Amino acid sequence: MSEKPQTILEQMLAQGYTRRDFLRFCSYITAAAGVHASGLNKVVKALETKIRPPVLWFHFQECTCCSESFIRSNHPVITDIVLDKISLDYTQTLQAAAGDQAEEALHNTMEKYKGEYIMTVEGAVPTRDGGVYCTIAGRTALDIVKEAAENAKTIIAWGSCASNGCIQAANPNPTGATPIYKVLPGKTVMNVPGCPPIAEVMAGVIVHVLAFDRIPQLDGLNRPRAFYSKRVHDSCYRRPFYDAGLFVNSFDDENARKGYCLYKVGCRGPVTYNSCGIIRWNNGVSYPIQSGHPCIGCSEANFWDNGPFYQHLANIPGFGIETTADKIGTIVGIGTLAGVAAHAISTNIRKRRLIQEVIDTSAKEEKESSGKQEGGE
Ligand code: FSX
Ligand code: SF4
Ligand code: F3S
């Protein structure tokens with residue numbers, strides 16, 4: 001191991017890459033970070049002079065799918081980031097070291113790179129009963145997180161667990177699972193939600209920090225704007241069916257085979273902010289909606305409690321058609337009929353007759369199903 005830390009350019013050249021490869025890598029990550037091409041020069045300059053940033057990657061109450069999402073990607077930039085461009089000094093699931101050795105690596109990095117290391121966290125932190133429900137090396141996750149955050153340069157919460165509590169925090173939340181930002185008052189924690197988050201989004205935020213030495217622009221919920229400013233609904237390829245009032249009514253009906261909109265079988269796309277429809281999963285191959293499954297809103301807070309998953313959105317108190325994230329919680333109980341009718345007006349659809357048919361069918365179905373429920377439950 002060389003004594004003097006190498007810059008990213010030096011490291012690439014030492015590995016046999018050419019300057020041309022380096023420039024290609026720079027343009028890849030400029031795009032991945034959601035930065036306009038005019039920012040390329042800045043990225044090149046930064047990576048010519050920057051050393052590999054040390055990263056501490058913690059795992060608490062979670063399933064490790066955030067890491068899985070990241071490392072299973074075949075995207076060359078992501079492989080490069082994990083293997084070369086960051087110095088992954090501590091990560092309980094990938095490191096070769098274990099026990100005392102691993103803990104030593106953690107403390108050495110925190111000591112040697114005070115104020116310089118990137119801290120990333122997968123999972124929520126339990127706070128009930130003194131935090132005893134998640135301990136590592138005899139210490140609670142709560143203690144560990146607070147200690148590491150003290151001198152971290154950047155703190156990133158990977159996934160919905162770390163960003164908003166996810167399944168651990170679902171009612172009745174027996175361990176007091178808490179998102180990272182709530183146990184670190186006064187610190188800026190960048191939230192990258194999704195259960196799990198998209199690998200390219202994770203890569204995008206890391207390369208932004210790598211290239212610009214600061215976190216990307218965040219929204220009101222501290223999510224990077226570049227990836228969370230649009231609803232899944234806004235980029236959905238099934239949107240024309242929604243606009244035309246053509247819906248799947250059950251998973252095995254003819255409309256499902258035709259690929260119509262999944263709104264009536266519970267799609268949360270209209271109230272979910274994420275890039276799934278644009279970036280997609282598995283290197284752009286597909287995403288839940290493309291596989292015929294409604295979006296369950298996995299990047300939104302409390303999505304486990306906002307169910308049941310396959311219930312039509314407009315029937316759920318707190319949600320309504322075309323509701324924006326800011327309004328969630330203030331609009332209560334908009335019925336299917338009102339929802340579809342409002343949509344017909346607001347989107348100025350030409351196919352009014354078709355919409356009318358949908359409204360009629362929907363009203364009939366609702367009546368039948370409420371009759372059934374009253375009688376059966
Ligand atoms: Fe949570 Fe990450 Fe869901 Fe899992 O580790 S966001 S449970 S997919 O993946 O933290
Ligand atoms: Fe796509 Fe769901 Fe919106 Fe329909 S409701 S257009 S399936 S995101
Ligand atoms: Fe999650 Fe919905 Fe995307 S369920 S993966 S936010 S399409």
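Note that the structure is a prediction, hence the values are computed from the model and not measured. In each ligand, atom 1 is the first atom listed, and ligand 1 is the first ligand listed. Because only heavy atoms are used, hydrogens play no part in the values below, and waters and symmetry mates are left out as well, while side chains stay in.
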Should [X] be counted as touching ligand 1, given the test is an N or O pair under 3.5 Å?
| X | answer |
| --- | --- |
| Glu62 | yes |
| Ile167 | no |
| Cys65 | yes |
| Glu122 | yes |

Tell me, which protein residue and heavy-atom name are nearest [atom], and how many Å apart are they?
| atom | value |
| --- | --- |
| atom 4 (Fe) of ligand 2 | Cys261 SG, 2.3 Å |
| atom 1 (Fe) of ligand 1 | Cys161 SG, 2.2 Å |
| atom 1 (Fe) of ligand 2 | Cys236 SG, 2.3 Å |
| atom 2 (Fe) of ligand 1 | Cys66 SG, 2.2 Å |
| atom 4 (S) of ligand 3 | Ile296 N, 3.2 Å |
| atom 8 (S) of ligand 2 | His233 CA, 3.5 Å |
| atom 4 (Fe) of ligand 1 | Cys63 SG, 2.2 Å |
| atom 3 (Fe) of ligand 1 | Cys195 SG, 2.2 Å |

Using atom types as modelled and distance alone, determine if a side-chain donor or acceptor of Glu116 lies under 3.5 Å from a backbone N or O of Tyr113.
->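 Judged by distance alone, no pair lies under 3.5 Å.
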
Between Gln92 and Ile136, which heavy-atom pair has the shortest distance, and what is it?
->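 For Gln92 and Ile136, the tightest heavy-atom pair comes out as NE2-CD1, 3.2 Å.
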
Check Cys261 against Phe241 and note the closest heavy-atom contact, atom names and distance.
->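 Reported closest heavy-atom pair: N-CB, 3.6 Å.
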
Cut-off 3.5 Å, side chains only: do Asn274 and Thr272 have a donor facing an acceptor?
->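 Asn274 vs Thr272: no donor-acceptor pair found between side chains.
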
Modelled atom types, side-chain donor and acceptor of Glu62 and Thr64, under 3.5 Å |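 Result is yes, a qualifying pair exists.
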
Working to the nearest 0.5 Å, report the span between [atom1] of [X] and [atom2] of [Y].
| X | Y | atom1 | atom2 | answer |
| --- | --- | --- | --- | --- |
| Ile180 | Glu122 | CD1 | CD | 11.0 Å |
| Ser160 | Asn302 | OG | CG | 10.5 Å |
| Met202 | Trp158 | CE | CH2 | 4.5 Å |

Inspect the contact between Arg19 and Glu48 and indicate whether a charged nitrogen and a carboxylate oxygen are less than 4.0 angstrom apart.
->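 Here Glu48 pairs with Arg19 in a salt bridge, since their nearest N and O are under 4.0 Å apart.
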
[X] [atom1]: over 12 foreign heavy atoms closer than 6.0 Å:
| X | atom1 | value |
| --- | --- | --- |
| Lys230 | NZ | no |
| Arg20 | CZ | no |
| Lys187 | NZ | yes |

Everything protein-side that's N, O or S and under 2.8 Å from atom 3 (Fe) of ligand 3: list it, residue and atom.
->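 Only Cys276 SG fall inside 2.8 Å of atom 3 (Fe) of ligand 3.
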
Subset of ligand 2 atoms that lie under 4.0 Å from at least one heavy atom of [X]:
| X | value |
| --- | --- |
| Arg239 | 6 (S) |
| Cys267 | 2 (Fe), 5 (S), 7 (S), 8 (S) |
| Leu262 | 4 (Fe), 7 (S) |
| Gly269 | 8 (S) |

Hydrophobic cluster membership, Tyr90 vs Ile71, 4.5 Å side-chain cutoff =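 No, it is not one cluster - the side chains of Tyr90 and Ile71 are not joined through contacts under 4.5 Å.
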
What do you reckon, are the aromatic ring centroids of His293 and Tyr287 less than 6.0 Å apart?
->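 No, ring centres 6.0 Å or more apart.
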
Please confirm whether Tyr228 and Tyr273 have ring centers closer than 6.0 angstrom.
->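 No: the rings miss the under 6.0 Å criterion.
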
Pair His59-Thr91, side chain to side chain donor-acceptor pair (under 3.5 Å): steps then yes or no | CA-CA 7 Å; His59 296 259; Thr91 165; 3.3 Å; yes

Find all atoms of ligand 1 within a distance of less than 4.0 Å from any non-hydrogen atom belonging to [X], and give their numbers and elements.
| X | value |
| --- | --- |
| Gly194 | 6 (S) |
| Ser160 | 6 (S) |
| Pro196 | 8 (S) |

Could you list which atoms of ligand 3 come closer than 4.0 Å to a heavy atom of Gly297?
->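 Matching atoms, with element in brackets: 4 (S).
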
Thr64 to ligand 1, any heavy atom closer than 4.0 Å |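 The answer is yes, since Thr64 has a heavy atom less than 4.0 Å from ligand 1.
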
Close approach, Ala162 and ligand 1, non-hydrogen under 4.0 angstrom =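 In this structure, Ala162 fails to qualify as a contact of ligand 1 - no heavy atom is under 4.0 Å.
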
Answer yes or no: is there a side-chain heavy-atom contact under 4.5 Å between Trp281 and Pro196?
->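 Yes. Closest side-chain heavy atoms under 4.5 Å.
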
Answer with yes or no whether Phe303 contacts ligand 3, where contact means a heavy atom under 4.0 Å from a ligand atom.
->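 False for this residue.
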
